[in-house]
Amino acid sequence: MNAQAPVTIARPDDDHYPTPREAVYPLVRHLVFPKRIAEVACGEGHISKVLAEYGYQVASSNLADRGYGKTGVDFLKMTKRPAPALITNPPFSLDEAFVMHALSLRFEICAFFLRLKWLCGAGRYRRILGPTPPVMVLPFIERITFYAGDTPVEDQPGWSNEDFAWFIWRPGFVGKPVIDWLSRDDGLQADLFRPQVIA
């Protein structure tokens with residue numbers, strides 16, 4: 001019997017790895033956001049659709065045309081914020097640029113879905129985390145499985161070799177971030193977390 005060859009999936013050009021719903025539900029169950037939210041890397045709308053389920057008004061945009069939201073919009077060239085709050089999963093290769101630009105636009109609150117190792121690194125600390133620390137970091141107690149957006153899910157293994165967290169920023173915050181934990185869910189999660197407003 002021949003051993004099956006490992007599945008090789010090309011990395012999408014624009015880092016299109018849709019955010020699983022189980023990474024979004026715990027965030028909106030845990031925190032209360034302003035009514036209007038920008039999702040500036042919306043892809044096919046995975047984050048935006050969950051936010052809409054919870055009654056938020058979402059200004060969805062994306063540089064590439066993925067069939068959802070306003071397309072051809074380069075967040076890094078925006079000169080004013082499209083909504084008071086921002087929730088997004090930025091392209092892996094542009095995550096620092098997205099965070100820094102969002103902070104320059106002074107959203108009332110920003111939530112970025114980032115690799116947990118974002119907390120480490122002297123360079124990143126000097127550029128971002130030291131001068132503008134997040135008010136809260138919400139790591140997942142389990143790993144989140146991602147799939148490349150350009151390949152049918154059934155044709156790929158999925159990847160869960162990174163730990164992820166939601167990083168929350170508010171302008172003018174000075175101090176140390178609060179660390180809390182989230183658990184992924186399938187959209188039917190029990191009410192484990194009481195929503196809270198970040199002061």
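Along the sequence shown, residues carry numbers from 1. Below, all heavy atoms of this structure are taken into account, side chains as well, without hydrogens, waters or symmetry copies. As the structure is a computational prediction, the values presented were derived from the model and not from experiment.
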*Carboxylate-amine/guanidinium contact Glu108 Arg170, below 4.0 Å*: no

*In terms of side-chain geometry, is the basic nitrogen of Lys49 or Glu44 positioned less than 4.0 Å from the acidic oxygen of its partner?*
no

*Mind checking the CG-CD1 spacing from Leu86 to Ile37? Nearest 0.5 Å is all I need.*
9.0 Å

*Shortest non-hydrogen contact between Pro177 and Met136, atoms and distance*: CB-N, 4.2 Å

*Hey, are Asp163 and Arg143 close enough for a salt bridge, meaning a charged N less than 4.0 Å from a carboxylate O?*
yes

*Can you label the angle between the Phe98 ring and the Phe75 ring as parallel, tilted or perpendicular, going by 30° and 60°?*
tilted

_Side chains of Phe112 and Trp118, heavy atoms from C-beta outward: is any pair under 4.5 Å?_
no

*Just how far is it from atom CZ of Phe113 to atom CD1 of Ile47, taken to the nearest 0.5 Å?*
8.0 Å

*Is Leu116 reachable from Val99 through a run of I, L, V, M, F, W or Y residues, each pair having side-chain heavy atoms under 4.5 Å apart?*
yes

_If I compare all heavy atoms of Phe107 with all of Cys110, which pair ends up nearest, and what's the gap?_
CB-SG, 3.5 Å

*Find out whether Tyr54 and Phe33 are in side-chain contact, i.e. whether some heavy atom of one side chain is under 4.5 Å from a heavy atom of the other.*
no

_Any side-chain to backbone donor/acceptor pair from Lys117 onto Glu162? Under 3.5 Å, distance only._
no

*Are the side chains of Val24 and Thr19 in touch, meaning some heavy atoms are under 4.5 Å apart?*
yes

*Do the side chains of Leu63 and Val58 join up, straight or via other hydrophobic residues, at under 4.5 Å, putting them in one cluster?*
no

*Considering all heavy atoms of both residues, which atom of Ala85 and which atom of Pro34 are nearest to each other, and what is their separation?*
CB-CD, 3.7 Å

_Nearest 0.5 angstrom please: His101 NE2 to Asp74 CG, how far?_
8.0 Å

*Transitively linked via ILVMFWY side-chain contacts under 4.5 Å: Leu119 with Val174?*
no

*asked:* Pairing donors with acceptors under 3.5 angstrom, does anything connect the side chains of Tyr25 and Arg29?
replied: no

*Atom CG in Leu129, atom CH2 in Trp169: separation rounded to 0.5 Å?*
6.0 Å

*N/O donor-acceptor pair under 3.5 Å between Asp95 side chain and Pro90 backbone*: no

